[in-house]
Undergrad: 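Just dropping this structure here.
The sequence lines fix the lettering, A, B, ..., with proteins before strands; numbering per chain opens at 1.
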Amino acid sequence: YSLVFTLTTLPVSQSTLAWSRSLCSLSGSRGLHVTASCCKNRAARIRVGKGDKPVTYEQAHHPHHIGHRKGWLSQHTSNLKGEDGAAERTVEDVFIRRFMFGTFHGCLANEIVIKRRGNLLNVCAVMLQKLPPQKFYFLIGYTESLLSHFYKCPVKLEIQTLQDKIVYKYL
Amino acid sequence: MQTDEFFACIAHYSVSDLTNQLYFINTSKCILLHLSVSLQKLFSLSQESGRSAAKFIINNNPKLFTKDFAEPHIPCLMPETVSLRLEEVSEEALKERITLRKVTAAVDMYDQLLQAGTTVSMETTHSLLDLICLYSDRDPVQDGEPQTDDEFGEELKKRKARVRRASDFLKFTWKENNNAERIFNLLPERDTRCYSALIRGMVKHGAYAKAFSMYTDMLNNRLTADVHIFSALISAAPDVRDKFNERWDLIAELLNQMNQQKVRPNLLTFNSVLKSLRRCGFLAKTQALHTLNEMKALGIGNAAIRVFYYLVFYRQEAMLIQRDLFLRACFLSLQCLDSKDLELGYKIQSLVDVGENWRLLGDSFHGRFFNLLCMMEHIDVVLKWYKQIIPSLYYPNPQGMRDLLQALDTDSRLDLLPSIWKDIKTLGHDNKPDLVEELLGLMAREKHSPEVQESFAACALDVKSVFDLRPSIEWSAASLSHITTLLLRANKTRQAWEMLQLFKARNRVPSEGLLNNFLSVCHSDGDPQKAVELVQLSAAFCLPTTWRLAKRALAEFDLTEEQRNDIIAPNPIYSANA
C-alpha cells in the first residue's frame, strides 16, 4: 500500500505530504490525516548490508513471501467476501501491537500474532527472559484485564519465552 | 464413625456438590507447569495483582473505557462507578453512597436529610445501619493504609503481642457513642432488623458485652430475634464468660430461647456453636457429638460437613482448619499418615482420581504419602510411585528427596543415584548443599563395581560443574572430599588433582584419609613428582598428618635428590623420622 488515508469527511484537497499532517479548513471540522508514503518496493524489506546485522525469519522474508514462506501476523475473517469490519480490526491490531510493545518493553523477541476466534482475541507473543517470571505474570494479568475492558471481549495472552532472539541469518 | 463410613461419605460427595463452598486457587495454568507450591502461589498472586492494577486504572479513567462495542452489553467489562454522581440532598443520593460503601458520606447525607425534615424509608435506614455496623463507622480502607487506632485498639494490640500482620490493622474496633448507636437512638421505631444490624456489628468488632445488653433491651421491648442475631450471640458467648461450663450454659440458654421464639437455626448457627465449643475445653467432645446429631436430625448441611467437624473434634487437627476448606482439611487431617496406615494411604490415593477430587488435595498429602512409601515399601514400589507422582502431582522438597535417598540406601540400589541427581537438578534442589552432600556421601561410602564407579565419577564431575556455576554457595569439606574420592576410584587422577586445588580456593581442609588415598593412587600410577606435590600441598595446609605423608613418600617412592630436598627442606624433622 502506498498512502493510508483516514478521512473524517470528504477531502477538501489532496496534497503530497512527507509526514502525517492534518488539514483543517477555517470554516468547519473537515480534516484529513495522511501518513508518510511507503513504497511497495521498500515496505517491510531489510536490505542486505555488511553481514553483522542479525535478522529473524520473519524479518528476513519479504512481503511477497507471505502465504508461501511466511504466515499471517493477524488472523480474522473480515477480509472474506461479504464480511465487514476490516478497518476496525486493523486499527485494533495496530493499537494492540503498540500496547504490547510498550508494556513488555524490550522483551519481545518477534512480531506479535493476533488471532480472533469468535469473540475471543488471542494475542500470541514470544518473549525474552528479561524479567523474572512473577513480573511477567503481573504484566500478563494486567494486559489481559485492561484489553478486555477496552475492547469489551475476552482477551487471552499466550506467551512463550526464550533466552535469546532466534537469528535466521545475518545481513 | 468408622473410616469406611467416612470413605463412603467422601466418595459420594465429590467436589461438584461443594464447589460453591470451597475456595480454589486458580491453578489452571500452573497445574501443567511443574512448579513447586510456593511458586504456584507466587505466580497466581502476581497475576491477580496485575488484574487489580488494571482495575484501578480502569476505574480511575472511566471515560476511556465507556465506548461500548459489545452486543449484547457486557456489564462486567464496563468501568465501575467509584465516584459519586448525585450531589443533592435526597434519598437517592443516600442509596448511592450506601452502594458505593462511603460510610462517612452516607452518615452526613442522612443527617442532612433529617435536618431538612424528609423522612427516610425503613428499607434505606436498615441498609444504612447495616453499612455503618459492618465497617464500624469508618470508611473501608483504601490503598491498604493502616488506620490510626483509638485507645481500645491499642489495648487489643497489647493483648495480641505477636507479629503484626496487615489484617490486624484492618480489624476495626467498636467506638463508644458512634454514629450507629446515635442513629439507632434517633429512630422513632426500632424493629428486629435494626437490632440485628447493631448486635452483629458489635459482635464483629469486639463489643461483646454491649451486644448482650442490646439483646436484653430487645427482649424487653418484646421483639423476637432472628437467626442472625442468635448466630452472632452464640459466637460471642466464649468472650463474655470465663469458665467452660458457664460458656456452654450460655450457649444452651441461647439455643433454648431460639426454640421458644420459634426461630429455626441454619448452618451458620451450628457453625458458630461448634466454633464456640472449641473454646469450651473438656465439654467440647461430648457436646459436639450431640450438636452433630442435631444437625443431622434437622437436615442442615450434608454429610461431608459433619464429617469435617467430627474430624475437627476427634482428631485434634485444629491447626489445619481454614474456614471454608472442609474436605481439604479432611484429607489432610486423616492422620492416616501419621498413624502409619499405608492401606489408608492407598485408598485415598485411589480416590484422588475420582471426579474432581484432585482439586481438594492440599500440598502435603502427596508428600506424606511418598514419605510413608519410602519408609515402608520395597524400592521397586517406591520407584514406580516416584515415576508416577513426581513431579506432576507432588513437587518434592529436599526432605522428600532425602527420604528417597534413604530408601535407595536401605535396599542397596545405590546404582540409581546418578539418575536421582539428574532429577534433583531438574527440580532445582541442586542449590541445597546438605542434600548434595548426602547424595555424595552415599556414593562415596563404599567401593562398587567398575561400571557403577564410572557412572558415579561422571555424576561427581557434574556436581563439580554445578559448584563452579554457583560461586556464592558454601560447599563443605565433606562434599569436596567425596567428589575427590569418587574421581580417584574411577582413576580420574587429573581431575582429582584439580579438586585438591579447589580445596585451597574454597578455604576447606582435606582430610587425612583422602590424602593417604591420593598417595596410594600416586604410588600405583608410579608418579613420584605428584607425591612430592601432594606432600607440599599438605604442608601448605599445615596439616598435622604432613609428617606421616612425608614419611610414606620417602619410603615408598624412588625420589631424586631434588625431590627429597623438596620434602625435607621445609621441615627438617621429616628427615629425622625417615
Undergrad: Are Phe150(A) and Phe95(A) close enough that their ring centres sit under 6.0 Å apart?
TA: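 Here the rings of Phe95(A) and Phe150(A) have centres that are less than 6.0 Å from each other.
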
Undergrad: Test salt bridge (Lys or Arg N to Asp or Glu O under 4.0 Å) on Asp434(B) and Arg402(B); report intermediate values, then the result.
TA: CA-CA 10 Å; Asp434(B) 1 331; Arg402(B) 266 201 213 97; 3.6 Å; yes

Undergrad: Under 4.5 Å from any heavy atom of chain A, what part of Leu64(B) do you find: side chain, backbone, both or neither?
TA: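 Backbone only.
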
Undergrad: Go through Cys76(B), Pro79(B), Ser49(B) and name the one with the most non-hydrogen pairs under 4.5 angstrom from chain A.
TA: Ser49(B)

Undergrad: Side chains of Trp421(B) and Val436(B): closer than 4.5 Å at any heavy-atom pair?
TA: yes

Undergrad: Gln399(B) and Asp403(B): side-chain donor and acceptor closer than 3.5 Å?
TA: yes

Undergrad: Using heavy-atom distances under 4.5 Å, tell me whether Tyr151(A) contacts chain B through its side chain, its backbone, both, or neither.
TA: both

Undergrad: Leu146(A) versus chain B, heavy atoms under 4.5 Å apart: side chain, backbone, both or neither?
TA: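 When you check distances to chain B, atoms from both the backbone and side chain of Leu146(A) fall under 4.5 Å.
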
